[in-house]
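Here is how names work: the chains are called A, B, and so on, in the same order as the sequence lines, proteins then strands, and each is numbered from 1. What you are looking at is a predicted structure, and each value in this text was computed from that prediction instead of being measured.
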Amino acid sequence: MTVETTALQGLLDVERIRADFPILARRLDGDRPLVYLDSANTSHKPQQVIDALSEHYAMHNANVARAVHQLGAEATAAFEESRDKVAAFIGAPSRDEVIFTKNASEALNLVANTLAWARGALEIGDGDEVVITEMEHHSNIVPWQLLTERKGATLRWFGLTDEGRLDLSNIDELINERTKVVSLTWVSNMLGTINPIAEIARRAHDVGALVVVDASQAVPQLPVDVAALGADLVAFTGHKLVGPTGIGVLWGRSEVLEALPPFLGGGEMIETVTMARSTYAQAPHKFEAGTPPIAQAVGLGAAIDYLSAIGMAKVAAHEQAITAYALTRLREVGGLTILGPAEAVDRGGAISFELEGVHPHDVSQILDSLGIAVRAGHHCAKPAHHRFGVQSSTRASFYLYTTPAEVDALIEGLDQTKRFFKVA
Amino acid sequence: MTVETTALQGLLDVERIRADFPILARRLDGDRPLVYLDSANTSHKPQQVIDALSEHYAMHNANVARAVHQLGAEATAAFEESRDKVAAFIGAPSRDEVIFTKNASEALNLVANTLAWARGALEIGDGDEVVITEMEHHSNIVPWQLLTERKGATLRWFGLTDEGRLDLSNIDELINERTKVVSLTWVSNMLGTINPIAEIARRAHDVGALVVVDASQAVPQLPVDVAALGADLVAFTGHKLVGPTGIGVLWGRSEVLEALPPFLGGGEMIETVTMARSTYAQAPHKFEAGTPPIAQAVGLGAAIDYLSAIGMAKVAAHEQAITAYALTRLREVGGLTILGPAEAVDRGGAISFELEGVHPHDVSQILDSLGIAVRAGHHCAKPAHHRFGVQSSTRASFYLYTTPAEVDALIEGLDQTKRFFKVA
Amino acid sequence: MDLQALYQEIILDHYKSPHHAGLREPFDAEVHHVNPTCGDEVTLRVHVEGDLVSDISYDAEGCSISQASTSVLADLLIGKRIEDANGIHQKFVELMQGRGKIEPDEDVLEDGIAFAGAAKFPARVKCALLGWMAWKDATAQAVTSAEATR
Amino acid sequence: MDLQALYQEIILDHYKSPHHAGLREPFDAEVHHVNPTCGDEVTLRVHVEGDLVSDISYDAEGCSISQASTSVLADLLIGKRIEDANGIHQKFVELMQGRGKIEPDEDVLEDGIAFAGAAKFPARVKCALLGWMAWKDATAQAVTSAEATR
Ligand SMILES: Cc1ncc(COP(=O)(O)O)c(C=O)c1O
Ligand SMILES: Cc1ncc(COP(=O)(O)O)c(C=O)c1O
């Protein structure tokens, strides 16, 4: 069954959007068109973002915050304007709550790392507990393992249901008066699950715990309002958001940012420095040591302009429509098991699956020979794979430029894969 | 006196080089040409670097190390090829010793931060000493203040002579059996001084201390051979090297990198992850959590290609010639005092100075109105300014695209500044 | 770059001979503020009597703009009622953050209107505000400690 | 993309029915290797008698390439003198790292020549080498412990 494309509700005018992304016109080996189904890994960049980067380097390049001269003023204005854009895009109450990092991983580590040196209410030690979930990306597991190991605290986690949702049955036991931090992903990059952040944040705040949200997969796909979310700190990454590599964002509530000690030292994060001691600037600068990713911030600003012009509600609807279509079609494929919610309800646009008798590496290799780019492996979520008794999976993921025809190509590619490996 | 340009030995064919840098054709306010004398702050980018970035995003964009597909293979090859280029450029014995960071500040913090958690020979504690110098950039001061404060160790430093050189008279007392780390800049970003790294490294190694070198100003200006330098760890930054923002490099000797614990956790820095514990990859990946600055690495590779095609010996000779010329001409300006070595011997291309009766902020404002971009302030080296009894200074700095005529423009601009503020 | 707009004669005069400079006794609060970017510093003392700003004294190191604006601040606010001083403070901050688009009121700001040009130079706005932010901080401290001992 | 070159019949055969699979006793060293990118894993045991590789047994989970190459490894190296096995190991590693430009020697590598195509796929080279790296590691351990107890 091939659903008529026009029958899908909520699709964007994909052809117009695709024209903005030069890479989508790439021909691959054997003159095959590119079918890019790996956007949860990284997204492509529209010409508008590429041009913003080039123009910045060619016309306005300078270091920021430091220079009185005209180029310095231009670069600083562009950089800080991007901070305003990010703040508006995620509904941050204050632009000073927006910290630029190099990626989401650094943003999450910034939190875990500064907590290791925090004193007072935020201090973490013996007997304290940090709660994560079994569906986290390694970047939201390892920092907390390092923190709890180093501070003698205990790492605990929510398990998963067979459907790939958080198992909240023991929430009262897990989130208790010893809990200092609850850190979890909003949208899973492997299972696609959308987690009930507001509810969990409420429970965490009831016991006085800090709530950290990994929004790496959420900010690209959903309209976001951090003020309404209920979290204290939210991390995401530019390259999944049609923005450049080399930039991420940590948003944090002012009071929390104020209570945290500095992260990296140097450059413009100071107020004053003597050889004997230093005092530190206020957030966001306190957490932005050294020359920041200036051009990348400008590029991220252009990416946000691009997405905002389309409208995040529409991007979300498109993602939803494509995901629903893909789930329907994948269910038709014999021997295919979806890991994670099989229905497009509370679900983002990443679908991981197993194909009986063919290893994901081999699936993706055959698909690649057809020009179809998917991801094979553990997608930096080994524990979630382990939970489902698999070592790896194949993942298809979608974005605002994905067409139903690309989903059809995936289905055909899977049929060819089965024929190649002679499995039913 | 205006020296005939052609009389200067060692100048590059600057007009040809300038044609590669689109920003140098910028007209500023009042239709003035740009005279950019702030390259120690950040350098401009040749079209070749800008094009490499655009082409990467437009044709080869994908995440690295994770994907089997063709774009992933291309992006990974380009990213890792840049690691090879960096390794060759700095004479690293092994490509695996080259770690990509977001800037030099992160590279330096990486070392201080992992040392805070190191156990065994590298562990730092009560009674141990870390030695830096009074001419360090804040990025090579604050991380060591944080480390020593947190670990109960003592921070000590080399003072400076009136000429702006390291005062090595008490080296035997400063570097002693309690010294665990000696961290210093190769070329000062404020004074211009080139420090005798090899000699100090020898003394540090005699007492078993680790030697960390901040090469942020050295790698852009000098031919570098880290193997010959005698340091254990060397940090620098891409944006001062005609490369993009958002990327820096830490080189480290394999044995040292192996002995250090991981820095940030997540993404591809792991070997295996379970909820209970994780094991880590080998360097360089151990220190590269999360999606790295992929396009920025590719851009840095293009920057290195650009500089290598010219030849770093020639870049150094040009810098030397321009600096010598500038020193000569600045000495003619009445009321002007140079902070740092006044002769172009063991000296890089940054010249900080005071102009009697006019605050650096005001100097740079007048110069800016003439299209001349210099830096005013403490250049992230407050202690060195304090050492010379000043709060701030004006700094002119040069690079391979700087012409003697731009130095002449600076001198004229300083004369105008004096007239404007009615000082002799 | 409208240099004349930035460096008004009034500013250069205050810069060359700042009014009310130096640190004096008595005082109720002393603060030290720094512009982290350029390193400009000011130590500023406030003496409050009842609801009056009875003295502002300072030791400032910095550029023409930051020095002159601290001098103008002292001229303007010494002897004013705290409430009125706060009002003037607010007007000055608004002027400086107005990107050069606000028409200053000479009756309120007096010599302070000379900084209208500086508002067009984003890098210099912080210079112009350094002393003013210090005054705000010091006055708040003086008032708080006065209330505490009441 | 030369899929036929990658997925040679020989490879698919070894994949479907791997030789010498399973973990056996006796053994002198056991190692566990992981491909961090895709998660492929192998547990591999080596039994050494004098200068002979007398058994290689393994439990592998992974793609066709990694499974087949471990199977071929066992076929090739069991019963060989350690020195000769090391030589074959070196040839196989060279082949895989040769970017598809090395002509393999069938007399030395036997079924291993089927991996010449995989050498053209950078992402798959690590798959093909997983078992071989594990064998190298395990054998070094077995030899070291044999020397220690001598
Ligand atoms: C000597 C020195 N060290 C460190 C740095 C910090 O480099 P970055 O700001 O790229 O981290 C700089 C430049 O600002 C520098 O000049
Ligand atoms: C859910 C989730 N968290 C964190 C990350 C890490 O993002 P980055 O690699 O940009 O640091 C990713 C993407 O790889 C992700 O999908």
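Interface remark: B/N103 contributes side-chain atoms only to the contact with chain A (heavy atom separation under 4.5 Å). When heavy atoms are compared at a cutoff of 4.5 Å, A/Q145 approaches chain B solely by way of its side chain, counted from C-beta outward. Looking at B/P292, the atoms closer than 4.5 Å to chain A (heavy atoms on both sides) all sit in the backbone: N, CA, C or O. Of the two parts of B/H386, neither the backbone nor the side chain holds a non-hydrogen atom closer than 4.5 Å to a non-hydrogen atom of chain A. Using a 4.5 Å cut-off between heavy atoms, B/L155 touches chain A through its side chain atoms alone. If you measure heavy-atom distances from B/S216 to chain A, you find no contacts under 4.5 Å at all. Interface remark: A/H379 contributes no atoms to any contact with chain B (heavy atom separation under 4.5 Å). Both the backbone and the side chain of B/S54 come within less than 4.5 Å of a heavy atom in chain A. Looking at B/L34, the atoms closer than 4.5 Å to chain A (heavy atoms on both sides) all sit in the side chain, from C-beta outward. In this structure, chain A has heavy atoms under 4.5 Å from both the backbone and the side chain of B/I294. Heavy atoms of B/T272 lying under 4.5 Å from chain A belong to its backbone as well as its side chain. There is no contact between A/Q47 and chain B, counting heavy-atom distances below 4.5 Å. With a 4.5 angstrom heavy-atom cutoff, B/R277 touches chain A only via backbone atoms. Contacts between B/Y280 and chain A at a heavy-atom distance below 4.5 Å involve the side chain alone, from C-beta outward. Using a 4.5 Å cut-off between heavy atoms, B/E106 contacts chain A through both its backbone and its side chain. When heavy atoms are compared at a cutoff of 4.5 Å, A/T154 does not approach chain B at all. Interface remark: B/Q296 contributes backbone and side-chain atoms alike to the contact with chain A (heavy atom separation under 4.5 Å).
Looking only at side-chain heavy atoms (C-beta outward), B/V142 and A/I270 come within less than 4.5 Å of each other. Proximity of B/M275 to A/I132: side-chain heavy atoms (C-beta onward) are separated by under 4.5 Å at one or more points. Residues B/H239 and A/N63 have side chains in contact (heavy-atom distance under 4.5 Å, counting atoms from C-beta outward). In this structure, the side chains of A/S105 and B/T291 stay at 4.5 Å or more apart for every pair of heavy atoms. With contacts defined as side-chain heavy-atom distances shorter than 4.5 Å, the pair A/L71/B/Y36 qualifies. Side-chain contact between A/L146 and B/W117: absent, with no pair of heavy atoms (C-beta onward) separated by less than 4.5 Å. Here the side chains of A/P22 and B/M59 are not in contact, with every heavy-atom distance at 4.5 Å or above.
Among A/I247, A/L108, A/N113, A/T148, the residue with the largest count of heavy-atom pairs under 4.5 Å with chain B is A/N113. Between chain B and the options A/E149, A/R150, A/H361, heavy-atom pairs under 4.5 Å are most frequent for A/R150. Between chain B and the residues A/G377, A/A104, A/A276, A/S39, the most heavy-atom pairs under 4.5 angstrom are made by A/A276.
Residue pairs meeting the salt bridge (Lys or Arg N to Asp or Glu O under 4.0 Å) criterion with at least one member in residues 285-296 of chain A, sequence neighbours excluded: A/R83-A/E288.
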Kindly indicate, with the supporting measurements, whether the criterion side chain to side chain contact (heavy atoms under 4.5 Å, CB included) is fulfilled by B/E268 and A/H138.
CA-CA 8 Å; B/E268 300 296 334; A/H138 296 164; over 6 Å; no
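Tested against A/H69 for a side-chain contact (heavy atoms from CB on, under 4.5 Å), the candidates B/D38, B/L28, B/L37 yield a single pass: B/D38.
No donor-acceptor distance shorter than 3.5 angstrom exists from the side chain of B/Q70 to the backbone of A/A373, with no hydrogens or angles considered. Formation of a donor-acceptor pair under 3.5 Å by the B/N109 side chain with backbone atoms of A/L264 is not found in this model.
Closest approach of B/S139 and A/G267 over heavy atoms only: OG-N, 3.0 Å. The minimum heavy-atom distance linking A/G265 with B/P143 is given by the pair O-CG, 3.5 Å.
Considering only residues two or more places apart in sequence or on other chains, B/H359 meets the side-chain hydrogen bond (donor to acceptor under 3.5 Å, both in side chains) condition with C/D40.
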